[in-house]
Amino acid sequence: MELKKSYSPEDIEDKWYEYWERNGYFKPDDNAEGAPFSIVIPPPNVTGSLHMGHALNATLQDVLARWNRLRGRKVLWLPGTDHAGIATQNVVERELSKDGLDRHRIGRDAFIERVWKWKAEYGGRIIHQLKKIGASCDWSRERFTLDDGLSRAVREVFVRLFEEGLIYRDSRLINWCPRCHTALSDLEVEYEELDGKLYYIKYPLGDGAHFLTVATTRPETMLGDTAVAVHPEDERYRRFVGKDVSLPLTGRSIPVIADVMVDPTFGTGAVKVTPAHDFNDEATGKRHNLQSISVIAEDGRMGLDAGERYAGLDRYACRKQVLEDLKALDLLEGEKKHRHAVGHCYRCKTIIEPLLTIQWYVRTETLAAEAVDAVREKRISLVPDSWENNYFAWMREIRDWCISRQIWWGHRIPVWYCTDCKTADGTPNGSLIEHIFFEPVKLSGGNTVHSGTYAELRTLGLSRKDIIDNSKIVHIHRSVSPVCSRADLESCPHCGGDVIRDPDVLDTWFSSALWPFSTLGWPEKTADLKIFYPTSVLVTGFDILFFWVARMIMMGLKFMDDVPFRDVYIHALVRDAKGQKMSKSKGNVIDPLVMTGKYGADAFRFSLAAFAAQGRDVRFSEERVEGYRHFINKLWNASKFILTYKKSWTGRSAAVGDPVLDLGSRWILSRLAQATDEMHRNIENFRFNDAANSVYQFLWHEFCDWYIEMSKPILYGEETAEREAVINCLYFVFEKVLQLLHPFMPFVTEELWHSMLDKDKSIMLSHYDAGLVRDFDAEQKMGHLIDAVTGIRSIRGELNISPSVELHADIKTMQVDVESILKDNGETFRKMARCKDFNVGPAIKKPKGSAVSVRNGMEIYIPMEGLLDVVSEIARLEKEVAKLESSMAFINKKLQNDDFINNAPRDVVDKERAKFDDLVQREQKMAENLTLLRSIDR
RNA sequence: GGGCGGUUAGCUCAGCUGGGAGAGCGCAGCCCUUACAAGGCUGAUGUCACAGGUUCGAUCCCUGUACCGCCUACCA
C-alpha cells in the first residue's frame, strides 16, 4: 500500500460517499448508547441550486451530526426540500411562456401536473449537490413539504386552528403582487428607496373659487379618494374641516376631515385619503368611517371603479394619463423630486400594490406570546444571543399572518363553499362572490379589463355561470361561512348541494412552520417523533428567523406542547471577499461546487467552518480555501511519513504514564488531550472557527513541526523499545487526529482511516477517546527543549547562518532539570538545533566572540569565530537590548506605582515582578556580551 | 425615524469573565535537511476608528462623535 505523492480529492470523494450511504451509516445507529441527537435541515427550495449560504449551513450541520456520532450519540439529520410556492410557480410559468402558453390557458390541473413534472426532473438537483459536499443526511427519511404525509399534517393544523378560531378570514388591505397575482405577508415585502416625485394637486372647494392643494406620490389613486385630511390644529385649514371638496376627474364630492396622523410640515399639510390603496389611509378611513373605493385591480390595471376613461389602463400608464388630464384642467400645481421607500415583491421584485381583498389569517397574538416565553425562559437558546432582542422586538409587534396565496402550487386551503346553502341572514351565496379574474374583456371605450367584482361582471353583461362554464375563472373569493375539512368534500354536508373549493393555497411558510414535527410523522404518534422531538439544534441563517424560526416555535409549542428545538444556531450571510452580498445581478456569486471541484470538498468545508465566527458576516476568500487545501496536503504528507514505519507498528495504544515513552511522545500526548478538549468545548459552544483552528494548530504546528521532527533521530536509529513506542505513539495520535478532523473533512479522514490504519469499519463508527490526560511535567520539560532549540535557530536566522553550517553551542544553566533534559535528549536537540555538539551545565563559561540568546533559565552561546563578522551580531544585540529596555521601562513604571502595588490582585503583581526580573537578567547578559563583542571588534 | 452590529497588521479576520494584541494569506532573508517547495526555519509590520469617562491599569466596561453595514418603520 502506498499513498500518492499528493492528495487528490477527486479520487476518493464519491467512493466514500457511496460507501457511507450503502452501509446505512447516515441512519440513526440503533446500537448507539448516547442520547439521541437530531437536526432537521432547513429545507432548501426545490427550485434552488446550492449556493454559499446552503453550503455553510449544511457544513455546520454536518459537523454537528458527525461530531455527535463520534461521541456515540444516536444521530438523525433529517433532510428534505420545500415546495416554495411562488418561486416554483414562477419558474414553471416562465417555462410555459417560452412555449407561448400561460397557466390560465392550460388550466389548474394541467399546470400542477406540469410543476410536479418539473420537480421530478430538476427538484433533486440540490440534494445531489448536498451529497457532493458530504452532507450525512439520512436520505431514507427525506421529505418534501408537499408530500402526502406533510400535506396531511398541514390540513390537520389548518382545521384545528380554524376550529379554535385562530384561523379566520377577513377583508382588509394586504400587500399584493400584481405580477404573481397573489397576496403577500408583511415579511414578503422588501422595501427599497426609490427616486419618485411628489405631485401637488388642486382639489376645488365647493365654492368653486378656492382650492385645497394636496401632495401625493401616487396621483392615480386619487380616483379612489374618499376624503382629504388635515391636522386638527393646522390654522391654515381649520376652516375647511367639515366642508366638501370636489374630487377632480370623477365629479365626486369628498369631505375634508381632521386627523392627527397628518404631518402639517410635510407637503402642503393636506393629504388625500385613499382607504383602498394605502395602509395609512385605511386606518384613517376606519377612524372616520370612510368608504373604500378600489380603483386598482389585481393585475395592476385600473378597475372599473376608476371610471371608463381609466379602467383597464396599467397603474403607471394611468398615472401619466391622470397627470395629463389634471394639467389640462389646470389642477396640477407642481411637482417635486422625492425619495421614498417602495415595497417590492420578494420573489419577482415587482412593486407591490396595497389592495383590499379577502384573505385567510392566523391570529398570532397568543401563539407569539408563548413563543416569546419559550425564549425568555431559555427553553430555547438563540446563539449568538444578540439575536434575542431582535426576536423579542419582532414578536411583540407581530401582526396577524396572512396565509392565503392566490397561486396554484401549494397546499390548497381545505375549505369549501356551498353554492346552495344560505348564510345566516338568508342571502344566497351566489350573490356574494367577491372577486373574479377572467379572460380580458374589451370595454366600449377600447380598454380591456381582467378582473372585477361580481356586480361589475353584470355591468359587462356576463353572468357568473357564463364564466364558470367557460372555465375562465382564475380566481374566486366568497364571503360566506366556509366549511373547513380534513378530507375532500364532494358535497355540502348541510344541504348536499354543490360545493366549490377555495381556490387559494397556503403560504409556503405555513407548511415549513410544521417541519420539525411533520417530518417525524405527526399527527401519527410515531417512534421517530418520540425519540427525536424536540430536535437538538436548528442551524439557520438570520434571514429566515421570522419567516421560519419564529413560526416553527409558535407551531411546535401549539401542536407538540414543546419547543421544536433546544438551540438555534444562527449563522451569518456569506458575502464575497469585498463584503458584498452575493447576487446574480452583481455577478459575484461563487458556486460551491466550483470550489469543491477546485480544492476538494474537505478543504472547502474546513474553510466554511473556519469562517463561521459568531456574530459576523462571512467574507469568503478563495485564498483561504487554498490555504486549507495545503493543510490537507500537510496531513497527507504526514501520513506518508508515518506510513514508512508501519511495519514496526504494533497497534498498542500510547498512554501518558508509559515509562518507555520519550519526552516528545509524552508531550504530544499531553497536547493531544489539550487540543481534544478545546475542540470539543468549542463545538459544544458552536464556536466552529475556534474548533477548526485548535485542530489545525495542533496537527500542523505541534504534531508535524515538533513531534515528527524530534522523533526522527529515534526513528532513524536502532530498533529499541523506545523506537517502537514512538511509532505506536505516532499512530495513536494520528488516529485521534483523524477523528478530530473527521467532522470537518470527512472524505480524506475516512480514506486515511482505512489506508493507514487498516480499519475495516468506517471512522464514523468509532468513538472519541475519553481517556486522554494532560501531562504537565512533560509540557514543562518540552518547553525547555523548545526554548533551547528556538534560541539557537533564532541566532542562526537573524545572522543568516546557513542551515548547512553545523554550530557549536555552550549553554549555561543553573537549573538541573534543564541540564538533564538537554543531556537526555542530546541527539534530538543537536538534530533540531543543527548543532554538531554542545555543552550544558552551571559552570559553562561564555566563549569569546559568541552570539548570545538568553531564555528562561538558559544562556545560550554560539561562538562566532569563522562564521561571520561580529558587526551584524552587534547590531542584532543592540536591537535586542533596546527592545528589552523599553519593556523593562514599561513594567517598571507599573511596579513603581503604589496604586498598582496596592490595588492590583497579588498574582498580577507577582507576575509582573517575575516578568521584570527575567527581563533584567536577559538584558544584563545581552549587554555584557555586547561589550565583549565590541572589544573584539576593535 | 427607531433598533442592532461593525471599525484590530498590507489583505481577510480571531481575540469568549479588563493585566503592553494573534492567525491565515501577503512581505523580507536563508534553505530542494531522505513526509511535505502546496514545504522548513527566521524576521518585520499595529496611536486596536476618534474624543471623553470609570479604573492602579482599557482593544475589552460607560458616554459621545465619525464612517460602514444590517434589520425595522405609515411621512402622503
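Order of the sequence lines sets the chain letters (A, B, ...), proteins ahead of strands, with each chain counted from 1. Fair warning: this is a prediction, and the values are worked out from it, not measured in the lab.
A/Glu709 comes within contact range of at least one nucleobase, with a heavy-atom separation under 4.0 Å. At a threshold of 4.0 angstrom between heavy atoms, the contacts of A/Phe631 with the nucleic acid are absent. Heavy atoms of A/Asn685 sit nowhere under 4.0 angstrom from any nucleic acid atom. Residue A/Lys883 is classed as a sugar-phosphate contact, given heavy-atom separations below 4.0 Å to backbone atoms only. Residue A/Asp263 is in base contact, counting any heavy-atom pair closer than 4.0 Å across all strands shown. Residue contacts shown for A/Ser887 include a base, since a base heavy atom lies under 4.0 Å away. At a threshold of 4.0 angstrom between heavy atoms, the contacts of A/Ala215 include nucleobase atoms, whether or not backbone atoms are also involved. Within 4.0 Å (heavy atoms only), A/Asn897 reaches sugar-phosphate atoms of the nucleic acid but no base atom. Contacts of A/Phe279 with the nucleic acid, taken as non-hydrogen atoms under 4.0 Å apart, are absent. Contact annotation for A/Thr284: no contact, since no heavy-atom pair falls under 4.0 Å across all strands. A/Lys893 comes within 4.0 angstrom of no nucleic acid atom, judged by non-hydrogen atoms across all strands.
In this model, the phosphate group of B/rC16 is not approached by any side-chain N or O of A/Arg681 to a distance below 4.0 Å at OP1 or OP2. Put simply, A/His338 has a side-chain N or O that comes within less than 4.0 Å of OP1 or OP2 on B/rA76. Contact annotation: A/Tyr716 reaches the phosphate of B/rA35 (side-chain N/O to OP1 or OP2, under 4.0 Å). Look at A/His630 and you'll find a side-chain N or O under 4.0 angstrom from OP1 or OP2 of B/rG39.
Look at the C1' atom in both B/rC16 and B/rC60: the space between them is 11 Å, to the nearest Å. Comparing the C1' positions of B/rC68 and B/rC50 gives a spacing of 15 Å, expressed to the nearest Å. Comparing the same atom, P, in B/rU17 and in B/rU7 gives a spacing of 15 Å after rounding to whole Å.
In terms of the ring pair (Phe, Tyr, Trp, His ring centres under 6.0 Å) criterion, residue partners of A/Trp649 (sequence neighbours excluded) are, by chain and number, A/Tyr731.
Each of B/rC30, B/rA14, B/rC56 was ranked by its minimum atom distance to the side chain of A/Asn800; first place goes to B/rC30. Counting only heavy atoms from C-beta on, A/Thr216 has its side chain closest to B/rA76 among B/rC16, B/rA76, B/rA73. In this structure, the nucleotide among B/rC16, B/rA76, B/rG19 sitting nearest to the side chain of A/Val271 is B/rA76. Taking only side-chain atoms of A/Phe641, from C-beta outward, the nucleotide of B/rA35, B/rA14, B/rA38 with the closest atom is B/rA35. In this structure, of B/rG20, B/rA35, B/rA38, it is B/rG20 that holds the atom nearest to the side chain of A/Lys915. Here the side chain of A/Asn280 is nearest to one of B/rC75, B/rC74, B/rG24, namely B/rC74.
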Polar atoms only, N or O, under 3.5 Å: list the protein pairs with nucleotides 40-42 of chain B and their distances.
unit_1, atom_1, unit_2, atom_2, d
B/rG40, OP1, A/Lys634, NZ, 3.3
B/rG40, OP1, A/Trp700, NE1, 2.5

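Both tests hold for A/Lys712 against A/Phe641: distance to the six-membered ring centre under 6.0 Å, angle to the ring axis within 45°.
Annotated stems with RNA chain B as a participant read B:1-7 with B:66-72, B:10-13 with B:22-25, B:27-31 with B:39-43, B:49-53 with B:61-65, given as range with range, by first number; only runs of 3 or more Watson-Crick or G-U pairs under 3.5 Å qualify.
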#### Entry: Test side chain to side chain donor-acceptor pair (under 3.5 Å) applied to A/Gln697 and A/Ser694, step by step
CA-CA 5 Å; A/Gln697 179 69 23; A/Ser694 42; over 6 Å; no
